[in-house]
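Order of the sequence lines sets the chain letters (A, B, ...), proteins ahead of strands, with each chain counted from 1. Quick caveat, the model's predicted, so the values are computed rather than measured.
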2 protein chains.
Amino acid sequence: MQIIIDIEDKAPLFAQLVSQIKSAILDEKVMPGDPLPSIRQLATDLELNKKTVAKAYQLLERDNVIQTKGYRGTFVHQDAIANSSFDLSVWLGSKIDQTIKTLRSAGATDSEIRIAFANAMSNKIKNNKIK
Amino acid sequence: MQIIIDIEDKAPLFAQLVSQIKSAILDEKVMPGDPLPSIRQLATDLELNKKTVAKAYQLLERDNVIQTKGYRGTFVHQDAIANSSFDLSVWLGSKIDQTIKTLRSAGATDSEIRIAFANAMSNKIKNNKIK
DNA sequence: AGTTGTACCCATAGTGCAAGTGGTACATAT
DNA sequence: ATATGTACCACTTGCACTATGGGTACAACT
């Protein structure tokens with residue numbers, strides 16, 4: 001698996017990592033069950049901070065593209081191929097687009113929408129407290 | 001109509017103006033059809049920038065609380081009393097809260113939601129272009 | 001001439017957040 | 001000992017947005 005990171009790229013480093021690993025899986029350059037380099041290893045090889053690599057790995061694991069097994073290392077998930085073609089951000093985008101469109105046609109200013117959004121996001125403390 | 005602006009207040013100046021004018025209407029200190037001071041006049045009296053006052057007036061007009069008639073001045077809207085008690089931002093808040101909650105339970109990170117939101121907001125150019 | 005709302009220009013201060021870097025530390029295993 | 005993923009802490013850089021200000025200008029009307 002060949003991974004190339006472009007620091008000049010406008011895309012965040014962790015995002016480049018995510019998409020390249022997904023690509024490698026879709027191109028069958030790595031197969032489900034295959035081991036992936038450790039976070040520290042990859043960070044050293046690509047000259048990245050290990051937290052940047054860890055962030056990419058966490059996103060990939062959340063999407064069931066990879067599977068971390070603690071001290072035993074990280075492996076390509078069994079359903080990696082299917083899950084690599086699904087992009088949560090696309091779904092997110094359309095969902096949000098739809099909501100924004102509704103609010104705007106209700107007469108809301110972009111500025112107002114932004115403020116209401118910021119409020120909603122910081123209210124997570126209140127919502128989580130219910131648990 | 002007595003308007004007092006508190007620069008020390010954490011609330012934005014234009015927001016203070018909006019709520020105070022609404023209050024004056026709800027308290028029937030000004031009646032529908034009554035003229036309001038001009039933007040420049042009010043800005044001078046309250047020692048505010050005329051753009052700040054204009055912003056407040058624009059919001060009030062959008063909500064049908066006041067009515068601007070160009071060179072003829074600004075007046076209290078006929079339905080001002082009813083419209084003064086409706087706050088769009090509350091409606092906005094619940095609408096957005098609902099959407100955020102959905103996205104979060106779909107597994108989206110707050111960070112991802114923010115980015116998707118920022119994208120959706122800046123895509124307005126594309127959407128308006130369709131017109 | 002003077003006034004109305006409005007629409008531009010540019011500028012400032014403050015806030016909030018993303019992204020990345022650095023270091024240290026931990027439990028769990030080989 | 002050495003390696004794994006993970007979890008903290010603090011920090012810098014850069015960007016985007018809000019709120020506010022100062023100025024100039026316009027068409028339409030009195």
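As a whole-Å value, the separation of A/E61 CD from D/dT4 P is 16 Å. With rounding to whole Å, A/I39 atom CD1 is found 11 Å from D/dA7 atom C1'. Summarising the geometry, the separation between CD1 on A/I66 and P on D/dT4 is reported as 14 Å, rounded to the nearest angstrom. One can place CG of B/L46 at 11 Å from P of D/dG21, the figure rounded to the nearest angstrom. When the P atom of D/dT4 is taken as reference, atom CD of A/Q41 falls 7 Å away, rounded to whole Å. Here D/dT6 presents its P atom at 13 Å from NZ of A/K69, a figure rounded to the nearest Å. Taking atom CG of residue A/L42 and atom C1' of nucleotide D/dA3, one finds them 16 Å apart after rounding to whole Å. The nearest whole Å value for the distance from the CZ atom in A/R114 to the P atom in D/dA19 is 11 Å.
OP1 or OP2 of D/dT4 sits under 4.0 Å from a side-chain N or O of A/S38. Residue A/S111 places at least one side-chain N or O under 4.0 Å from the OP1 or OP2 atom of D/dA19. Proximity of A/R72 to the phosphate of D/dT4: no side-chain N or O atom is located under 4.0 Å from OP1 or OP2. Between A/T74 and the phosphate of D/dT4, there is no side-chain N or O to OP1/OP2 separation shorter than 4.0 Å.
Side-chain atoms of B/E112 do not come within 3.5 Å of backbone N or O of A/S89 as any donor-acceptor pair. Under the 3.5 Å distance criterion, the side-chain polar atoms of A/Q20 are matched with a main-chain donor or acceptor of A/I4. Side-chain atoms of B/S84 come within 3.5 Å of backbone atoms of B/A80 as a donor-acceptor pair (strictly under, hydrogens ignored).
The residue B/K55 sits close only to the backbone: its heavy atoms come under 4.0 Å of sugar-phosphate atoms, none of a base. Looking at heavy-atom distances under 4.0 Å, B/Q16 makes no contact with the nucleic acid at all. Using a 4.0 Å heavy-atom criterion, one finds that A/Q67 contacts no nucleic acid atom at all.
Where A/A15 and B/L36 each meet DNA chain C at their nearest nucleotide, the meeting point lying more 5' is that of B/L36. Both A/F14 and B/K51 lie close to DNA chain C; mapped to their nearest nucleotides by heavy-atom distance, the more 5′-ward contact belongs to B/K51. Checking A/Y71 against A/Q58, the closest nucleotide of DNA chain D that is more toward the 5' end is the one next to A/Y71.
Partner B/L60 forms a side-chain contact (heavy atoms from CB on, under 4.5 Å) with one of B/L17, B/V18, B/I25 and no other, that one being B/V18.
When hydrophobic clusters are built by joining Ile, Leu, Val, Met, Phe, Trp and Tyr residues whose side-chain heavy atoms come closer than 4.5 Å, directly or via intermediates, B/I115 is not grouped with A/F117. Following chains of ILVMFWY side-chain contacts shorter than 4.5 Å, one can reach B/I96 starting from A/W91, so the two form part of one hydrophobic cluster.
Taking the side chain as every heavy atom from C-beta outward, A/I113 and A/R104 approach each other to under 4.5 Å.
Boundaries of the chain A contact region on DNA chain C are C/dA19 to C/dA29, first to last in 5' to 3' order (nucleotide atom under 4.0 Å from a heavy atom).
The base of D/dT24 lies close enough to the side chain of B/K50 for a donor and an acceptor atom to sit less than 3.5 Å apart.
A distance of 6.0 Å separates CD in B/Q98 from OG1 in B/T102, rounded to the nearest 0.5 Å.
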